[in-house]
Amino acid sequence: MERVRIIVVGAGVVGLSTAVCIAESIPHCSVTVLAEKCSPDTTSDVAAGMLHAPLFPDIPVDRQKRWFKNTFDHLLAISESSEAADAGVFLVFGWEIFREVPREKRPFWSQDVLGFRFMTDAELKKFPQHKFGHAFTTIKCECLTYLPWLEKRNLSDSEKLVGRFSLGG
């Protein structure tokens, strides 16, 4: 069987996460990440993200639910592992508040995050210009920590990550 060679463009959180996913999903493949910049110089390095998703009207909701659940479950497993601190992935509680009551009160991802509930009137009083909100626990990913962790995870298996190259001059 011929070895599958795959190129992923970009070494930010999406590119490196995609490279890891491909390398873990396809046996006997080699993954090359092509990027103009690598950590700590990517846009992702200055970002941290809380897992939360808007509804995209042109993508079937079932597909979005599946993407969100798979991502949440994957990151939750990391947050519960001994590697959580090294990966920069942990649980965070937060509120999402609205000036007007949204058409869809319960977001499609509400069953996947932890402890989703509507905010109480007492909680909403802290935000007098807002009429509605929900509270939940989700995942926070510190990319400045997460990207080097992903690179180490890949680089430990030289069969799967062939190299990183710079685009441009």
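Here, residue 1 is the first one in the sequence, and each next residue gets the next number.
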Contact check, side chains of [X] and [Y], non-hydrogen atoms, under 4.5 Å:
X	Y	value
M119	K126	no
D73	F68	no
R66	K69	no
R99	Q129	yes
W109	Q64	no
L114	L91	yes
V31	C29	yes
L150	S17	yes

Exercise. Just one of F132, F127, F116 clears the ring-ring contact (aromatic ring centres under 6.0 Å, His included) bar with W95, so which one?
Worked result: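 So, applying the ring-ring contact (aromatic ring centres under 6.0 Å, His included) to W95 and each of F132, F127, F116, only F127 qualifies.
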Mark yes or no for whether [X], through its side chain, and [Y], through its backbone, hold a donor-acceptor pair below 3.5 Å.
X	Y	result
E24	C21	no
E100	K131	no
E83	I78	no
S44	V13	yes

For this session: Can you see which heavy atom on F108 is nearest to which on P54, and at what distance?
Result: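 Shortest heavy-atom separation between F108 and P54 comes out as CE2-O, 3.5 Å.
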For this session: Taking all heavy atoms of I139 and all of S79, pick out the closest pair and write down the distance.
Result: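 In terms of heavy atoms, the two residues are closest at CD1-OG, 4.2 Å.
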Problem set entry | Pairing of R106 and E104 as salt bridge, 4.0 angstrom limit |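 Salt bridge between R106 and E104, a charged N being under 4.0 Å from a carboxylate O: no.
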Exercise. Which word best sums up how the rings of F136 and H52 line up, parallel for under 30°, tilted for 30 to 60°, or perpendicular for over 60°?
Worked result: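 Rings of F136 and H52: parallel, as their planes differ by under 30°.
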For this session: For side-chain contact (heavy atoms from CB on, under 4.5 Å), just list the numbers for V92 and T137, CA-CA rounded to whole Å, side-chain angles, deciding distance to a tenth of an Å, and then say yes or no.
Result: CA-CA 5 Å; V92 64; T137 298; over 6 Å; no
Exercise. Is W149 linked to F90 within one hydrophobic cluster, defined over Ile, Leu, Val, Met, Phe, Trp and Tyr using a side-chain heavy-atom separation of less than 4.5 Å?
Worked result: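 No, it is not one cluster - the side chains of W149 and F90 are not joined through contacts under 4.5 Å.
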Exercise. Does atom CD of Q111 have more than 12 heavy-atom neighbours, drawn from other residues, nucleotides or ligands, at distances under 6.0 Å?
Worked result: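 No, because the 6.0 Å sphere around CD of Q111 holds 12 heavy atoms or fewer from other groups.
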